[in-house]
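Here is the structure we will look at.
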Amino acid sequence: LIGLIEDASDSGEQCKAVSEQTTVLLDGLKNAIQFTRSLGQELYPPVLKDLGVREALEDLVAQFRLRNTTIVFKAHFDDSINQLNPDFGLVIYRIVQEGLNNAIKYLKGTKVTVNVKMNDAVLSLIIGDNGVGFPEKIRFKHSLGLKSISERCRSLSGKIEILNQNGAVIKIEIPVI
């Protein structure tokens, strides 16, 4: 590009070539900026910081509804979860996100439910669907998504239970300090 600019004084065609390449470079730069912004939002969703855990989870489910119109999503989130500290809330958000991804990708259901509530000092999270359930051999050994959910749960000293009950059910209980 620099060589074309230096020679551009000699020819109108070279000026046109420089202009076209500059446009391509600017478009690439704009795309890179947009990608970087979206990546930052995926790492820590702004809605989580701005509106709290409950609204961030509602927004997450709404996004899944838009992308998966053949699946019915039902969700209930207690208002009290907005009292969670931001780091704790982010882990809960990621667990729900991964649970929804698993339900959509692998379990072949038509209905997904998500419930997050607080009882005393325990957060209870249940993600279920009416699909085929989890094959026994996949539960934790071969599923990166389930491993991720399990590790996040353990990072907060929680318990996880994976069941096949008319579909797949992930039950999590995490002490809230």
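All heavy atoms count here, side chains included; hydrogens, waters and symmetry mates do not. Given the structure is predicted, the values throughout are model-derived calculations rather than measurements.
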Worksheet, complete the sentence: The residue among D79, N82, D59, D78 that forms side-chain hydrogen bond (donor to acceptor under 3.5 Å, both in side chains) with R54 is D79
Worksheet, complete the sentence: Nearest heavy-atom approach of I149 to G99 is CD1-N, 3.7 Å
Worksheet item: Would you call K147-E151 a salt bridge at under 4.0 Å N-O?
Response: no
Worksheet entry | Residues that N68 engages under side-chain contact (heavy atoms from CB on, under 4.5 Å), provided they are two or more places apart | F64, I71, F73, I104
Worksheet item: Heavy atoms, side chains only, cut-off 4.5 Å: are V53 and L48 in contact?
Response: yes
Item to complete: Using a 4.5 Å cut-off on heavy atoms from C-beta on, say whether the side chain of E173 contacts that of L123.
Response: no
Discussion item. Quick check on side-chain hydrogen bond (donor to acceptor under 3.5 Å, both in side chains): which of N166, T113, T110 does N130 satisfy it with?
Written reply: T110
Discussion item. Does any part of the side chain of L100, heavy atoms only, come nearer than 4.5 Å to the side chain of V96, both counted from C-beta?
Written reply: yes
Discussion item. Measuring from atom CD of Q63 to atom CD of E58, what distance do you get when rounded to the nearest 0.5 angstrom?
Written reply: 12.0 Å
Response to the item:
Nearest heavy-atom contact between A75 and R65 is N-NH2, 4.4 Å
Fill in: Any side-chain heavy-atom pair of F77 and V114 under 4.5 Å
yes
Worksheet entry | S150 OG to I160 CD1 distance, which is reported to the nearest 0.5 Å | 5.0 Å
Worksheet item: Do the non-hydrogen side-chain atoms of F88 and I174 ever get within less than 4.5 Å of each other?
Response: yes
Discussion item. Counting C-beta onward and ignoring hydrogens, is there a side-chain heavy-atom pair between L146 and N102 closer than 4.5 Å?
Written reply: yes
Item to complete: Kindly write out the residues that satisfy side-chain contact (heavy atoms from CB on, under 4.5 Å) with N115, not counting sequence neighbours, or none if the list is empty.
Response: H76
Practice prompt. Applying side-chain contact (heavy atoms from CB on, under 4.5 Å), run through K111 and D129 and close with a yes or a no.
Written response: CA-CA 6 Å; K111 179 181 172 185; D129 67 62; over 6 Å; no
Worksheet item: What's the shortest heavy-atom distance between L57 and Y93, and which atoms?
Response: CD2-CA, 3.8 Å
Worksheet item: Between P45 and L90, is any pair of side-chain heavy atoms under 4.5 Å apart?
Response: yes
Response to the item:
When rounded to the nearest 0.5 Å, the distance separating CD of E98 from CD1 of I170 is 8.5 Å
Fill in: S124 versus N119, side-chain donor and acceptor atoms under 3.5 Å
no
Discussion item. Hydrophobic cluster membership, with links at side-chain heavy-atom distances under 4.5 Å among I/L/V/M/F/W/Y: are V116 and V122 in one?
Written reply: no
Worksheet item: Of the non-hydrogen atoms in P175 and L156, which two are nearest, and what is the gap between them?
Response: CD-O, 3.8 Å
Discussion item. With a 4.5 Å cut-off on side-chain heavy atoms, are K171 and L163 touching?
Written reply: yes
